[in-house]
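Comments concern the structure below.
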Amino acid sequence: MTPDDAAHGLPDDGRVRVVIENLAPEIDAGRFEIKRTVGETVTVEVDAFVDGHDRVACVLRHRADGAAEWQETRMSALGNDRWRASFAVPAPGRYHYTVQAWVDAFASWRHDLERRPAADPDLPAALALGATLIKAAAQRARGAAAQTLAAAAAQIGGSGSVVERRA
């Protein structure tokens, strides 16, 4: 597991729930390089999906040959498990790109919460789970973002009415 994997919350036990396939553009499974000229963009698409109903997040990672740091561009969902993002070619040379995808625990929780009726008896447990996710995010954040997240976690996990906490 790389530090980048840990930053995206990927499991360290070898499990992979997200499938990435049908990367485009590619020629002969990456055997040959695609070509672009300076000023053009490389638009990358993939199919990325997960077992079950969890939400997926995807990023396009790209860098110039020899560059130490990868740049990340969040991919947009096109529908039907297809994702797209682009990057510009600013100078002549070789560029590398790859796609990473993972289960987005917060988006999955939020989607599940939005689907629950107000009278759902399991709503307090769902709110407690959300508070735990947000509290963990607050611990990873810094400055004003950390304070905002901590306040949201306290409100969602607090003792107010379920309707108020859900809102």
Side-chain angles (χ1 to χ4, degrees), residues 1-30 42-63 69-87 96-142 145-146 148-167:
M1 183 159 127
T2 68
D4 288 332
D5 294 339
H8 290 299
L10 299 176
D12 60 358
D13 63 0
R15 291 180 296 129
V16 177
R17 293 188 51 209
V18 179
V19 175
I20 300 172
E21 57 186 24
N22 299 323
L23 174 72
E26 62 83 25
I27 301 171
D28 199 15
V42 177
T43 300
V44 178
E45 290 189 8
V46 297
D47 293 331
F49 53 92
V50 64
D51 60 340
H53 298 284
D54 286 327
R55 297 294 185 214
V56 174
C58 290
V59 292
L60 168 64
R61 302 184 78 216
H62 53 92
R63 65 179 172 87
E69 297 291 320
W70 288 90
Q71 296 181 5
E72 289 187 351
T73 303
R74 190 134 179 118
M75 298 187 82
S76 300
L78 302 176
N80 209 22
D81 300 326
R82 193 75 176 161
W83 297 79
R84 177 188 297 152
S86 301
F87 68 94
H96 303 272
Y97 61 92
T98 187
V99 172
Q100 277 188 327
W102 61 95
V103 172
D104 187 331
F106 181 78
S108 298
W109 167 77
R110 185 173 177 181
H111 177 73
D112 177 62
L113 185 67
E114 289 170 349
R115 295 176 55 209
R116 289 178 182 269
D120 186 337
D122 293 329
L123 198 51
L127 290 169
L129 173 62
T132 300
L133 289 170
I134 295 169
K135 184 177 179 182
Q139 292 171 346
R140 293 187 306 269
R142 300 196 192 288
T148 300
L149 288 166
Q155 183 177 11
I156 290 171
S159 59
S161 76
V162 172
V163 173
E164 291 171 350
R165 292 168 42 207
R166 180 181 185 182

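Everything numeric here is computed off the predicted structure, so don't read it as measured data.
Taking the side chain to side chain contact (heavy atoms under 4.5 Å, CB included) definition, one finds that L23 meets it with V44, V46, Y97, V99, sequence neighbours left out. Taking the side chain to side chain contact (heavy atoms under 4.5 Å, CB included) definition, one finds that T132 meets it with nothing, sequence neighbours left out. Scanning for side chain to side chain contact (heavy atoms under 4.5 Å, CB included) contacts around A141 gives A145, A146, L149, with sequence neighbours left out. Legend: residues meeting salt bridge (charged side-chain N to carboxylate O under 4.0 Å, His left out) with R142, ordered by chain and number and at least two apart, are absent. Scanning for side chain to side chain contact (heavy atoms under 4.5 Å, CB included) contacts around S161 gives V163, E164, with sequence neighbours left out. For E114, the salt bridge (charged side-chain N to carboxylate O under 4.0 Å, His left out) partners are R110, not counting sequence neighbours.
Summarising the geometry, atom CZ belonging to R61 is positioned 5.0 Å from atom CD belonging to E72; distances are rounded to the nearest 0.5 Å. Here the CZ atom belonging to R74 is positioned 12.5 Å from the CG atom belonging to L60, to the nearest 0.5 angstrom. Remark: R63 CZ to T98 OG1 distance equals 10.5 Å, nearest 0.5 Å.
Here the closest heavy-atom approach between residue A101 and residue C58 is recorded as CB-SG, 3.5 Å. Residues W70 and H62 come closest through the heavy atom pair CE3-N, 3.4 Å. Here the closest non-hydrogen pair linking R165 and L127 is NH2-CB, 3.6 Å. In plain terms, the two heavy atoms of I156 and A131 that are nearest each other are CG2-N, 4.1 Å. Annotation for S108 and V103: closest pair OG-CG1, 4.2 Å, computed over non-hydrogen atoms. The heavy-atom pair separating V42 from P25 by the smallest distance is CG1-CG, 4.3 Å.
The main-chain N or O of L113 is found under 3.5 Å from a side-chain atom of R166 such that the two form a donor-acceptor pair. Of the possible donor and acceptor atoms, none in the side chain of R17 sits under 3.5 Å from a partner among the backbone N and O of V50.
Here side chain to side chain donor-acceptor pair (under 3.5 Å) pairs that include residues 75-86, with residues two or more places apart or in two chains, are T43-S86, E45-R82, E45-R84, D47-R82. Note on residues 151-161: no pairs pass salt bridge (Lys or Arg N to Asp or Glu O under 4.0 Å), not counting sequence neighbours. The ring-ring contact (aromatic ring centres under 6.0 Å, His included) analysis of residues 120-142, with sequence neighbours excluded, yields no pairs.
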With a 3.5 Å cut-off and sequence neighbours excluded, list the donor-acceptor pairs that the side chains of residues 117-126 form with protein atoms.
residue, atom, partner, partner atom, Å
D120, OD1, D122, N, 2.8
D120, OD2, R116, NH1, 2.8

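Heavy-atom contacts from other residues, nucleotides or ligands closer than 6.0 Å to CD of E21 number more than 12.
Here the side chains of W102 and D54 are not in contact, with every heavy-atom distance at 4.5 Å or above.
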